Amino acid sequence: VQLQAYGGGLVQTGGALMLSCAASGLTASSHDMAWFRQAPGKEREIVGACSVSGDCGYYADSVGGRFTMSRDKPRNTVYLQMNSLKPEDTAVYYCAAAPRRTVYITNTEMVRPSRYEYWGQGTQVTVSS
């Protein structure tokens, strides 16, 4: 399994970026996908997640209303559109995949980092003030 993330960069406060993550070696219909981020000195945190059904309604409170995650299952790709960026969004962003082993899943489980077995290499997002 490989997850390849693209699209990071340097942007000013209030700007926008779109991240992409192309997955290979896994079946889109049996894996949940997510974006996490990690800032220097901080723990890795969830940004957003898409379920196997394509429901991408799981977002961290800190990004809700500004970030939108989407999933293109035929292309096995997930996207993260980031608008109204703030300096506190500066971090390395990782895409990740988790095999879905149950029909139903709680929101807590959906966003738990330890569920995700496959991780991309990360892409740096820097927001200047």
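Side chains included, hydrogens not; waters and symmetry mates left out as well; all remaining heavy atoms used. Not measured: the values here are computed from a predicted model.
- Summarising the geometry, atom SG belonging to C50 is positioned 14.5 Å from atom NE2 belonging to H31; distances are rounded to the nearest 0.5 Å.
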Before giving the answer on side chain to side chain donor-acceptor pair (under 3.5 Å), spell out for S51 and S53 the whole-Å C-alpha distance, their side-chain angles and the decisive distance to 0.1 Å.
CA-CA 5 Å; S51 71; S53 67; 2.7 Å; yes
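- Distance check: D72 CG to C21 SG gives 12.5 Å after rounding to the nearest 0.5 Å.
- Nearest heavy atoms, G8 versus V125: CA-CG2, 4.1 Å.
- To the nearest 0.5 Å, the span separating OG1 on T126 from CD on Q12 amounts to 13.0 Å.
- Contact annotation: the side chain of L80 approaches that of V47 to within less than 4.5 Å [non-hydrogen atoms, C-beta and beyond].
- Applying the side chain to side chain donor-acceptor pair (under 3.5 Å) rule to pairs touching residues 90-102 yields D32-R100, R37-Y93, R101-E117, sequence neighbours excluded.
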Does the pair R115 and E109 meet the rule for a side-chain contact (heavy atoms from CB on, under 4.5 Å), with working shown?
CA-CA 7 Å; R115 264 198 76 226; E109 280 295 292; 3.9 Å; yes
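- Nearest heavy atoms, L26 versus A97: CD2-CB, 3.7 Å.
- The backbone N or O of R71 sits nowhere less than 3.5 Å from a side-chain atom of R75 that would complete a donor-acceptor pair.
- Note that CG of L3 and OG of S24 are 7.5 Å apart. Values are rounded to the nearest 0.5 Å.
- In the hydrophobic clustering of this structure, V78 groups with Y118; members are Ile, Leu, Val, Met, Phe, Trp, Tyr whose side-chain heavy atoms approach within less than 4.5 Å, directly or through other members.
- With hydrogens and angles ignored, the 3.5 Å screen pairs a side-chain donor or acceptor of K73 with a backbone N or O of V52.
- In terms of modelled atom types and a separation under 3.5 Å, the side chain of T13 and the main chain of S128 share a donor-acceptor contact.
- Of all heavy-atom pairs between Q121 and A5, the closest is NE2-O, 3.1 Å.
- A donor-acceptor pair under 3.5 Å is absent between the side-chain atoms of Q4 and the main chain of A23, judged by distance alone.
- Separating the CE atom in M33 from the SG atom in C56 is a distance of 10.0 Å, to the nearest 0.5 Å.
- For the residue pair T106 and T108, no side-chain donor N or O sits within less than 3.5 Å of a side-chain acceptor on the partner.
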Take N83 and Q81, measure what side chain to side chain donor-acceptor pair (under 3.5 Å) needs, and give me the verdict at the end.
CA-CA 7 Å; N83 297 328; Q81 177 66 46; 2.9 Å; yes
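- By the criterion of side-chain heavy atoms lying less than 4.5 angstrom apart, applied directly or through intervening Ile, Leu, Val, Met, Phe, Trp or Tyr residues, V127 is grouped together with M82 in one hydrophobic cluster.
- Rounded to the nearest 0.5 angstrom, C95 SG and Y79 OH are separated by 12.0 Å.
- Every pair passing ring-ring contact (aromatic ring centres under 6.0 Å, His included) that includes a residue from residues 36-61 is listed here, sequence neighbours excluded: F36-Y116, F36-W119.
- Cluster annotation: V11 is not connected to V92 through the hydrophobic network of ILVMFWY side chains, with a link wherever side-chain heavy atoms come within less than 4.5 Å.
- Taking all atoms of both residues into account, the shortest heavy-atom contact from M110 to A49 is CE-CB, 4.0 Å.
- Annotation for I46 and A34: closest pair CD1-CB, 4.0 Å, computed over non-hydrogen atoms.
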